[in-house]
Amino acid sequence: MGLEVLAMDQKGYRRGSFQSSTSDEDMLEIAGASLDFPMADDDPPLDREMGGFSSYNGGEMNGTSKMMDFLEEPLPGVGTYEDFNTIDWVREKSRDRDRHREITSRSKESTWALIHSVSDAFSGWLLMLFIGLLAGSLAGLIDISAHWMTDLKEGVCLAGFWFNHEHCCWKSNTTFTDRDKCPEWKSWSQLIIGHGEGAFAYILNYLMYVIWALLFSLLAVLLVKGFAPYACGSGIPEIKTILSGFIIRGYLGKWTLIIKTITLVLAVSSGLSLGKEGPLVHVACCCGNILCHLFTKYRKNEAKRREVLSAAAAAGVSVAFGAPIGGVLFSLEEVSYYFPLKTLWRSFFAALVAAFTLRSINPFGNSRLVLFYVEFHMPWHLLELVPFVLLGIFGGLWGAFFIRSNIAWCRRRKTTKLGKYPVLEVFVVTAITAILAFPNEYTRMSTSELISELFNDCGILDSSKLCEYVNDFNSTKGDDLPDRAAGPGVYTAMWQLALALIMKVFITIFTFGMKVPSGLFIPSMAVGAIAGRLLGVAMEQLAFYHHDWVIFSGWCSQGADCITPGLYAMVGAAACLGGVTRMTVSLVVIMFELTGGLEYIVPLMAAAMTSKWMADAIGREGIYDAHIRLNGYPFLEAKEEFSHKTLAMDVMRPRRNDPPLTVITQDSMTVEDVETIINETTYSGYPVVVSRESQRLVGFVLRRDLIISIENARKKQDGIVSTSIIYFTDHSPPLPPSFPSMLKLRSILDLSPFTVTDQTPMEIVVDIFRKLGLRQCLVTHNGKLLGIITKKDVLKHIAQLANQDPDSILFN
């Protein structure tokens, strides 16, 4: 991260080349697991050959005293960033403005330059089109594959093994009530022993269900472990960190995309308590990052690339929920660090294209983008806001409980031997989940189907147990069925749902953070939907049997359709999802895009807001922020206030008893002197001063840029030797003619480093770091350089004031 001025053991240097690799080969495990990077700090790792400068002997040669400013043309690698560093937002934006000015000025010179200028302006929209098409196509592929493989656990289609249960029975002549029992679809017991009734057939189906679940989950974890360790988890905490300017090479690479797409299908099909919605955001961001390489503007500028990734995150949510506007708001509210107006428009376009692509694929065969699309037509009554608020309180309590329990479990996983056996952990959790899930039909079905069933408003033809009411068709008015007495099927469904709720609440704690792709949206919504449906049915029966009570008498007469249990399930789902993620605006928009019910915005808003207030009262962090802190990512949360009265001088380094700040003088140090400083220190950059005596600041130079520039000068320029003077001024210092050639490195010097005085309140310094995305800030006193504050120092200081371990910041 950033330009650190902290020591790092030489053994921590990374082997490899300076070229930015996108492979995952040398990456370690991430996302809710151990992050044992071999670095004591986040300073840039160096090349093997550059680490000790062993190749820089450069024999003493006498040359003429001529200046060498060989950096007129930028060198490959200069101005780029190492892995696990933070980008310099100010420098990147400045570079982009310079590039834009140059293209604009050239466009007046020739037709070709004008065409180039137009294509450059249009490239952003073209990139969004590609991202939307690719994200939508992959989401369709994942949906179709997961639907088929989920059904494969229960049986196979004789008409073609590639058909899932629903598609298999489309051409069957069975009646509507027996539509799930078509002759073309055979359960495993029917296929193996010829019949599906009896205890032996049940045990055989049970066994096949568990075997398939274990096979899918083991294949998923082995693929993740073997090919792309970054493909595990939901990916949203890491994407938030990357969008804030941090670099994790390979996290959005091609291998991660391929493996995450395959293993996401396997993980969802295994029946584990996880969803595909969070990982779809990661998949879409991988698409965005890979497609950025097609356009120079985005390939060479990290800040511009992050604008694209913000739009890709919107496209990911768009295809996950079929909610393009909700996706844009999710990117703005939850994941993005920098979100200019241009990015808003492009996010909107990318989300639109992605949703259109998915709709064209039509993965569920119902012209909907999600499995649990529903439409309610009954209005809600003002008094129903009370149970809706109660659902909000439940969602907030469950969210806070889940975050604390899951973080405690993930911390245990990181600090004990448990983290060393990811395959065994996945095996055990899958086995327990499958064994507990099969006997209960509401946990056996996929979580998306369960939510669909819970959201559903009972109609005359519904054959679900949830709709087994005592029918009195004489009182039926049009399409709306009146509130009716619950039949035995409803009571059976109620206790089965209560058991499913208990199972989902606890099993999700252990599932989220394992070494498989795992989203949290669907399990959270399932918990809320079950709680909501239970409350909805209770309210419905209360209104049916006690319609003369004061609370019902004004609006719910006998034989009327007053209560919609499916609506309660929807509100409960929103409340629990809000409690876990602390989303508000985007959550409500996603939910009403899912259900097409604009008139239910107020109940959803009431539940989402109550849920957030309740959860915030217990713990301020949402699940993604909690995982960011657990993993020690360098993320400065913009939502939190800094209210302590410390000054810049309290945080800067060097401290009182530390050795003085390492600096480079502007025109009096030799190549050998600078190489010695680089060898003996492990800082990421150095302030450049007029002289050691005056300590007047000239600028700031990156260690990486220095190394690359000196190495290139030694190889390509005559007369550059160890005694050559390096200078950062416009004009060379006066030296005797016998001196060797001098090396001018002014072009790699940042002449406008951000500075504050030693008396600046830390409240302002933290604000500057947040809003400008700084990596470091120099501290002066009466114009003289005193010290430096890096982003890591700020994070450590905040952790210290919050009574947390300051060494937990950055991958410890």
Side-chain angles (χ1 to χ4, degrees), residues 86-100 103 119-136 235-236 238-247 251-252 280-321 323-356 583 585-586 589-590 624 635-639 770-774:
T86 300
I87 69 166
D88 189 332
W89 284 92
V90 178
R91 183 169 76 165
E92 294 297 305
K93 294 304 289 178
S94 170
R95 270 189 193 162
D96 186 59
R97 277 194 298 272
D98 291 344
R99 185 195 64 80
H100 191 260
I103 288 172
S119 70
D120 180 76
F122 186 66
S123 61
W125 296 101
L126 191 62
L127 180 55
M128 293 305 129
L129 178 70
F130 291 160
I131 289 169
L133 290 170
L134 187 55
I236 292 178
E238 288 73 26
I239 284 163
K240 277 186 81 163
T241 312
I242 288 168
L243 289 177
S244 76
F246 198 59
I247 288 176
Y251 197 81
L252 300 174
L280 273 174
V281 175
H282 187 184
V283 166
C285 285
C286 287
C287 296
N289 185 56
I290 291 164
L291 290 169
C292 273
H293 290 279
L294 300 175
F295 302 90
T296 315
K297 176 163 79 170
Y298 298 103
R299 185 173 67 244
K300 292 188 175 178
N301 193 297
E302 293 289 350
K304 294 294 288 179
R305 190 182 301 191
R306 272 149 185 75
E307 291 177 27
V308 172
L309 296 180
S310 289
V317 174
S318 171
V319 290
F321 288 109
I325 301 169
V328 175
L329 291 172
F330 174 82
S331 181
L332 174 61
E333 181 182 2
E334 193 60 31
V335 295
S336 292
Y337 194 82
Y338 172 66
F339 203 83
L341 198 57
K342 190 195 295 180
T343 305
L344 179 75
W345 299 331
R346 287 185 177 165
S347 301
F348 185 77
F349 180 61
L352 163 74
V353 174
F356 174 76
M583 291 169 7
V585 183
S586 53
V589 174
I590 286 170
Y624 302 130
F635 183 77
L636 261 177
E637 181 55 72
K639 297 166 194 165
R770 277 181 187 147
K771 289 174 180 169
L772 290 180
L774 296 185

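Values below: all heavy atoms of this structure, side chains included; hydrogens, waters and symmetry mates excluded.
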Check your understanding: Hey, are the side chains of Tyr338 and Lys93 touching, using non-hydrogen atoms and a 4.5 Å cut-off?
Key -> yes

Check your understanding: If you take all heavy atoms of Val328 and Phe339, which pair is closest and at what distance?
Key -> O-CZ, 4.3 Å

Check your understanding: Ile247 and Arg306: which non-hydrogen atoms are nearest, and at how many Å?
Key -> CG1-NH2, 3.7 Å

Review point. Is there side-chain contact between Tyr337 and Arg770, with at least one heavy-atom pair below 4.5 Å?
Key: yes

Study note, to complete from the structure: The side chain to side chain donor-acceptor pair (under 3.5 Å) partners of Ser310 (sequence neighbours excluded) come to Ser336

Review point. Sub-3.5 Å donor-acceptor pair from the side chain of Trp89 to the main-chain atoms of Lys771, do we have one?
Key: no

Can you give each donor-acceptor pair under 3.5 Å made by side-chain atoms of residues 343-355, sequence neighbours left out, with the distance rounded to 0.1 Å?
unit_1, atom_1, unit_2, atom_2, d
Arg346, NH1, Tyr298, OH, 3.1
Ser347, OG, Thr343, O, 2.6

Revision key, fill the gap. d(Ser119 OG, Ile103 CD1) to nearest 0.5 Å is 8.0 Å

Point to revise | Validation row: Phe130, Leu134 side chains within 4.5 angstrom (heavy atoms) | key: no

Check your understanding: Is the number of heavy atoms from other residues, nucleotides or ligands within 6.0 Å of NZ (Lys300) greater than 12?
Key -> no

Review point. In Å, rounded to the nearest 0.5 Å, how long is the span from CD of Glu302 to CD1 of Ile242?
Key: 10.0 Å

**Study point:** Asn301 to Ala303 - nearest heavy-atom pair and separation
**Key:** OD1-N, 3.1 Å

**Study point:** Close side-chain approach of Arg99 and Asp120, heavy atoms under 4.5 Å
**Key:** yes

Exercise for review: List the steps, then state whether side-chain contact (heavy atoms from CB on, under 4.5 Å) holds for Arg299 with Leu294.
Suggested key: CA-CA 7 Å; Arg299 185 173 67 244; Leu294 300 175; over 6 Å; no

Check your understanding: For the atom pair SG (Cys285) and CG (Leu280), what is the distance rounded to the nearest 0.5 Å?
Key -> 11.0 Å

Check your understanding: Would you call Glu92 and Arg305 a salt bridge, taking side-chain N to carboxylate O under 4.0 Å as the test?
Key -> no

Check your understanding: Looking at NZ of Lys304 and CG of Leu127, how far apart are the two atoms once the value is rounded to the nearest 0.5 Å?
Key -> 10.5 Å

Check your understanding: Which atom pair, heavy atoms only, marks the closest approach of Ala284 to Ile131?
Key -> O-CG2, 4.5 Å

Check your understanding: Mind checking whether His282 and Tyr251 have parallel, tilted or perpendicular rings, split at 30° and 60°?
Key -> parallel

Point to revise | Tyr624 OH to Ile236 CD1 distance, which is reported to the nearest 0.5 Å | key: 3.5 Å

Review point. How many angstroms lie between atom NZ of Lys297 and atom SG of Cys292, to the nearest 0.5 angstrom?
Key: 10.5 Å

Review point. Of all heavy-atom pairs between Leu252 and Asn289, which one has the smallest distance, and what is that distance?
Key: O-ND2, 3.0 Å

**Study point:** Phe330 and Val335, any side-chain heavy atoms less than 4.5 Å apart
**Key:** yes

